[in-house]
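Contents: one structure, followed by commentary.
The figures here come from the full heavy-atom set of this structure, side chains too, leaving out hydrogens, waters and symmetry mates. Values in this document were obtained by computation on a predicted structure and should not be read as measured data.
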Amino acid sequence: MAALLHAVWARYLDSLKHRPVVTKALTSASLAAASDLMAQRLASRGKPVELRRTMLMWLFGLLYMGPSAHMVHRLLDAIFAAKRDTKTALKKVLLEQLTYGPCCNVVAILWISYAVERRSWKASKRRLFAAYPGIQINGWKVWPLVALINYKFIPFNLRVLFSNVVAIFWSTFLILKARGIKDKHSLD
């Protein structure tokens, strides 16, 4: 079993080396789908899994989260000359948390509301304004530490994977939060 895991890991690292954006996009897609399945099971109340939802979350990871996270990490390493000292890592965290993090939350809320839950654009914007402040504040309780660990200790090629693993739980929270708002308020 250890040999199999080692071989899979080696192949993953090779894929990251030769096809970084595609590999990170597929990884993000798979983990976004996993978080949606987890959220559906937690909030299911006996309902069957909605594969359409899961595929749309997979698409979100594929088209947005994986590629955008890769590009943001590249940009920050270019701005800060790929340094990993604590002062530079803190600067990267601050810049990421004031720009990319909030943008990701806005895009995720709108995607879940409009594409996944088939809300109207008007209802999706209301959902955004209702959910965003609480989600962003909660995000700032989680993501700065994740980002600091990422920029200080994680090699560049594994940063998106590390964030994606944490994002399984964050995305589950976002999905459950979006469903909670839907249950509390009629936003149609």
Side-chain angles (χ1 to χ4, degrees), residues 24-25 28-45 47-73 75-76 79 90-148 150-151 159-160 162-188:
K24 291 171 186 178
S28 293
S30 299
L31 295 175
S35 72
D36 181 69
L37 289 170
M38 189 164 38
Q40 283 192 57
R41 296 311 307 157
L42 290 171
S44 70
R45 300 181 190 135
K47 295 177 187 173
V49 169
E50 299 173 43
L51 291 178
R52 178 190 167 281
R53 279 187 62 91
T54 303
M55 292 308 299
L56 285 168
M57 292 309 295
W58 182 87
L59 195 61
F60 180 73
L62 181 76
L63 299 178
Y64 178 71
M65 289 308 300
S68 70
H70 173 79
M71 295 305 175
V72 165
H73 288 294
L75 177 64
L76 289 174
I79 291 170
L90 288 169
K91 289 177 184 177
K92 289 179 183 180
V93 169
L94 183 64
L95 188 54
E96 177 188 294
Q97 292 304 304
L98 294 177
T99 58
Y100 182 63
C103 289
C104 283
N105 288 330
V106 167
V107 173
I109 292 165
L110 289 173
W111 179 262
I112 291 167
S113 184
Y114 187 73
V116 176
E117 296 179 347
R118 299 180 187 177
R119 302 276 177 196
S120 69
W121 182 246
K122 186 176 179 180
S124 296
K125 288 192 301 185
R126 282 197 308 264
R127 168 86 46 87
L128 173 65
F129 288 113
Y132 179 78
I135 287 171
Q136 189 57 55
I137 288 168
N138 282 309
W140 283 330
K141 294 175 184 175
V142 173
W143 288 107
L145 178 59
V146 172
L148 181 61
N150 222 356
Y151 292 122
R159 287 183 190 158
V160 174
F162 177 73
S163 294
N164 283 170
V165 170
V166 176
I168 289 175
F169 302 101
W170 179 249
S171 297
T172 302
F173 166 75
L174 284 179
I175 293 164
L176 292 173
K177 181 82 170 171
R179 284 192 167 195
I181 290 171
K182 178 177 72 175
D183 292 343
K184 288 182 184 176
H185 308 288
S186 175
L187 295 177
D188 284 329

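- For the atom pair CD1 of Ile135 and CD1 of Ile109, the computed distance is 3.5 Å after rounding to the nearest 0.5 Å.
- Remark: Leu76 CG to Thr99 OG1 distance equals 7.0 Å, nearest 0.5 Å.
- Between Pro102 and Tyr132, the closest side-chain pair of non-hydrogen atoms falls below 4.5 Å.
- Judged by distance alone, with hydrogens and angles left aside, the side-chain atoms of Arg53 form no donor-acceptor pair with the main-chain N or O of Leu37 at under 3.5 Å.
- Leu148 contributes atom CG, which lies 10.5 Å from atom CD of Glu96 (distance to the nearest 0.5 angstrom).
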Check residues 61-68 and write down every donor-acceptor pair under 3.5 Å in which the side-chain atom is one partner and the other belongs to a residue at least two apart or another chain.
{"residue": "Ser68", "atom": "OG", "partner": "Tyr64", "partner atom": "O", "Å": "2.7"}
{"residue": "Ser68", "atom": "OG", "partner": "Met65", "partner atom": "O", "Å": "3.4"}
{"residue": "Ser68", "atom": "OG", "partner": "Tyr100", "partner atom": "OH", "Å": "2.6"}

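- Looking only at side-chain heavy atoms (C-beta outward), Leu110 and Trp121 come within less than 4.5 Å of each other.
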(request) Walk me through it: do Lys125 and Tyr114 pass the test side chain to side chain contact (heavy atoms under 4.5 Å, CB included)? (result) CA-CA 9 Å; Lys125 288 192 301 185; Tyr114 187 73; over 6 Å; no
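- Between atom NZ of residue Lys92 and atom CD1 of residue Ile79 there is a gap of 9.5 Å, rounded to the nearest 0.5 Å.
- Taking CG of Asp36 as the start and CD of Glu50 as the end, the distance is 8.0 Å to the nearest 0.5 Å.
- A heavy-atom distance below 4.5 Å is not found between the side chains of Ile112 and Phe60.
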(request) Test Gln40 against Met57 for side chain to side chain contact (heavy atoms under 4.5 Å, CB included), laying out the working first. (result) CA-CA 12 Å; Gln40 283 192 57; Met57 292 309 295; over 6 Å; no
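- How far NE2 of His73 is from CZ of Arg159: 7.0 Å, rounded to the nearest 0.5 Å.
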For a quick test of your reading: what N or O donor-acceptor pairs under 3.5 Å do the side chains of residues 137-147 make, sequence neighbours left out?
{"residue": "Asn138", "atom": "ND2", "partner": "Gly134", "partner atom": "O", "Å": "3.0"}
{"residue": "Trp140", "atom": "NE1", "partner": "Gln97", "partner atom": "O", "Å": "3.0"}

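- For residues 162-174, the set of pairs meeting the salt bridge (Lys or Arg N to Asp or Glu O under 4.0 Å) definition, not counting sequence neighbours, is empty.
- A distance-only check finds no donor-acceptor pair linking the side chain of Ser28 to the backbone of Ala25 [under 3.5 Å].
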